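Here is the structure we will look at, set down as structure tokens.
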Amino acid sequence: MVAAARHYPQFDSQPASYYEASCVRRPEYSSLRGPVKVDVCIVGGGFSGLNTAIELAERGLSVALLEARTMGWGASGRNGGQLIRGVGHDVEQFEPVIGHDGVRQLKRMGLEAVEIVRQRIEKYSLACDLTWGYCDLANKPGQFEAFAEEIAELRGLGYRHAMELITPEQLPTVIASDRYAGGLVDMGSGHLHPLNLALGEAAVAAQLGAQLFEHSPVTRIDYGQRVKVHTLEGSVDAATLVLACNAYLNDLNPELGGKVLPAGSYIIATEPLSEARALGLLPRNLAMCDQRVTVDYFRLSADRRLLFGGACHYSGRDPRDIAAYMRPKMLKVFPQLQNARIEFQWAGMIGIGANRLPQIGRLASHPNVFYAQAYAGHGLNATHLAAKLLGEAIAGQVGGGFELFAKVPHMTFPGGKHLRSPLLAMGMLWHRLKELLPL
Ligand SMILES: Cc1cc2nc3c(=O)[nH]c(=O)nc-3n(C[C@H](O)[C@H](O)[C@H](O)COP(=O)(O)OP(=O)(O)OC[C@H]3O[C@@H](n4cnc5c(N)ncnc54)[C@H](O)[C@@H]3O)c2cc1C
């Protein structure tokens, strides 16, 4: 524990999340002591790392996974729990690089990603409160009109789940708020308890033979034909390395670190609400997300709290009182929660890439080093897809989606380590100003 605390001191003062307080019993994994030799070493015990471990162990490879804190400690165990179709944003922008068919394949994989989560949960009977149903909320009439086109496109891609346009008049059937201009309900997306999913996946990886180590921050990597990955008290010698640290990568690999910017996002949880009050807010118990750059996202937990998340801070400084910062945002949507007590507040880091497509590939300088990162606020499904693609690529299966993702170049943010975040914050401000236009 002491070693991990030294590794991320800036996060030590964060309050515990609702998920920490409500998670299943947590098995403990020992820290790495001494040398270990395996086929693949994975750094990072979030969805990306844990599911890559499962994919590789299922294919018979030996795996050691090193996590600086505890399994699911990063974004995976503290996110909004919204499992939403799709990967990337505006993927048509990649047509010059991957062609029309490539864009279509990316879109299909965005739909497959949710199915991977569904199948993993079903195959291993993972208890994580999985509930189907999600609604995109339009902030402006123009966004609502675009939902009809989206439904048509999803049908064209073979999306088989029920979808429904919710007109402004029908909105009270899904949400008791007068803030929105319509919705798109998708019964193939949904919500779940993300920490319980991560802990369940850790247990599966361990059962399949992967060696999992907690409180084992990686301090140095020696690259070469084999990689040697060092922690304070041990080392892993591996043929292949997977870096799955996303927004928490820091300086571990500067080449990848320059391509992903950490941004803070914040969530509050109310006290448990009575059934009538909870379903009075969200009558169909759907997860919800609006369309703004700094989205509001919210849903009910299994014990009927409203979990309300949002914001996107690039400054590296979290609000001192997250509840005081987030509560007014919640009350703008649900003024009827004026007297509801806030019982939990917490923060997490989202990894943002310049073009908003998850970065899945291998280092040109070291072809035995693979990575997956930069999912923005949409990683629950995409991490599972990334893990599948990494598993296939590392096991030598060619011609799958891995090559497609790896083809897309990812810009290193300009401005060096210290100027990157302020520059991006200015860019985001510009997008937010544009949002003030009525359409
Ligand atoms: C507040 C919040 C809300 C979100 N809401 C949603 C949502 O509703 N839906 C959705 O789809 N996505 C959401 N996301 C995004 C999603 O959670 C992430 O994209 C996803 O969890 C990333 O998983 P990961 O495994 O790549 O990274 P992480 O889960 O962040 O795991 C990275 C791990 O690497 C470890 N690590 C870092 N450096 C080292 C080192 N040197 N040695 C060893 N270990 C190291 C860290 O301790 C960490 O546990 C949200 C994110 C946040 C922060």
Side-chain angles (χ1 to χ4, degrees), residues 15-24 78-84 127-139 162 164-187 189-197 265-292 294-311 319 321-348 380:
S17 72
Y18 158 70
Y19 301 125
E20 282 288 345
S22 60
C23 72
V24 291
R78 56 181 73 231
N79 61 53
Q82 306 213 359
L83 176 62
I84 309 170
C128 59
D129 303 331
L130 176 61
T131 305
W132 292 110
Y134 162 77
C135 182
D136 281 305
L137 292 166
N139 299 86
E164 233 178 296
L165 271 182
I166 305 291
T167 62
E169 298 71 37
Q170 293 166 333
L171 271 174
T173 63
V174 294
I175 183 170
S177 175
D178 58 8
R179 260 203 121 192
Y180 302 104
L184 189 174
V185 168
D186 166 17
M187 296 310 291
S189 297
H191 53 104
L192 50 75
H193 189 303
L195 182 57
N196 277 346
L197 177 59
S265 187
Y266 310 100
I267 306 184
I268 51 177
T270 64
E271 61 188 313
L273 306 173
S274 69
E275 189 170 352
R277 197 171 183 202
L279 294 179
L281 301 174
L282 296 170
R284 287 172 61 183
N285 193 13
L286 306 172
M288 304 234 158
C289 212
D290 74 8
Q291 305 297 300
R292 293 170 317 125
T294 53
V295 292
D296 285 342
Y297 49 92
F298 43 91
R299 68 182 183 92
L300 295 171
S301 61
D303 61 353
R304 293 191 306 268
R305 298 166 189 273
L306 184 78
L307 306 193
F308 191 97
D321 183 343
I322 292 169
Y325 177 70
M326 291 302 297
R327 192 168 166 274
K329 295 179 192 293
M330 178 186 81
L331 292 181
K332 269 193 193 163
V333 180
F334 296 118
Q336 55 275 51
L337 286 178
Q338 183 66 39
N339 64 355
R341 217 173 42 247
I342 303 300
E343 291 195 344
F344 294 94
Q345 49 174 301
W346 68 96
L380 217 168

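Bear in mind the structure is a predicted one, so any value in this text is a computation, not a measurement.
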Point to revise | Least distance between heavy atoms, S265 atom then G310 atom | key: OG-O, 3.2 Å
Exercise for review: May I have the step-by-step check of side-chain contact (heavy atoms from CB on, under 4.5 Å) for Y180 and V333, ending in yes or no?
Suggested key: CA-CA 9 Å; Y180 302 104; V333 180; 3.4 Å; yes
Practice item. Test side-chain contact (heavy atoms from CB on, under 4.5 Å) on Y18 and D303 and set out the steps. Key: CA-CA 11 Å; Y18 158 70; D303 61 353; 2.9 Å; yes
**Study point:** Main-chain N/O of S301 paired with H193 side-chain donor or acceptor, under 3.5 Å
**Key:** no
**Study point:** Nearest atoms (heavy-atom pairs only) where G80 meets R299
**Key:** O-NE, 2.7 Å
Exercise for review: Begin from the C-alpha positions of M326 and Q345 and carry the test side-chain contact (heavy atoms from CB on, under 4.5 Å) through to its verdict.
Suggested key: CA-CA 9 Å; M326 291 302 297; Q345 49 174 301; over 6 Å; no
Check your understanding: Does the R327 side chain pair with the main chain of Q338, one donor and one acceptor, at a distance under 3.5 Å?
Key -> yes
Review point. Taking T131 for the side chain and D129 for the main chain, is one N or O donor matched with an acceptor at less than 3.5 Å?
Key: yes
Study note, to complete from the structure: Test ring-ring contact (aromatic ring centres under 6.0 Å, His included), reference W346, set F308, Y19, Y266, output is Y19
Point to revise | Worked verdict on L282 versus V174 for side-chain contact (heavy atoms from CB on, under 4.5 Å) | key: CA-CA 6 Å; L282 296 170; V174 294; over 6 Å; no
Check your understanding: For the side chain of N196 and the backbone of V24, is there at least one donor-acceptor N/O pair under 3.5 Å apart?
Key -> yes
Review point. Does any donor atom in the side chain of T173 or Q170 lie under 3.5 Å from an acceptor atom in the other side chain?
Key: no
Review point. For the residue pair I166 and R284, what are the closest heavy atoms and their distance?
Key: CD1-NH1, 4.4 Å
Check your understanding: Does the side chain of F298 come within less than 4.5 Å of I175's, by heavy atoms?
Key -> yes
**Study point:** Under 3.5 Å: donor-acceptor pair, side chain of E271, backbone of A340
**Key:** no
Point to revise | Closest non-hydrogen atom pair between M330 and I342, with its separation | key: CE-CD1, 4.0 Å
Check your understanding: So, Q336 side chain and A176 main chain: donor-acceptor pair closer than 3.5 Å or not?
Key -> yes
Practice item. Output yes when a side-chain donor or acceptor of R304 lies under 3.5 Å from a complementary backbone atom of P272, and no otherwise. Key: no
Check your understanding: Between A324 and P328, what is the shortest heavy-atom contact and its length?
Key -> O-CD, 3.1 Å
**Study point:** salt_bridge(D296, R179) N-O dist < 4.0 Å
**Key:** yes
Check your understanding: Counting distance only, does the side-chain N/O of N139 pair as donor-acceptor with the main-chain N or O of Q291 below 3.5 Å?
Key -> yes
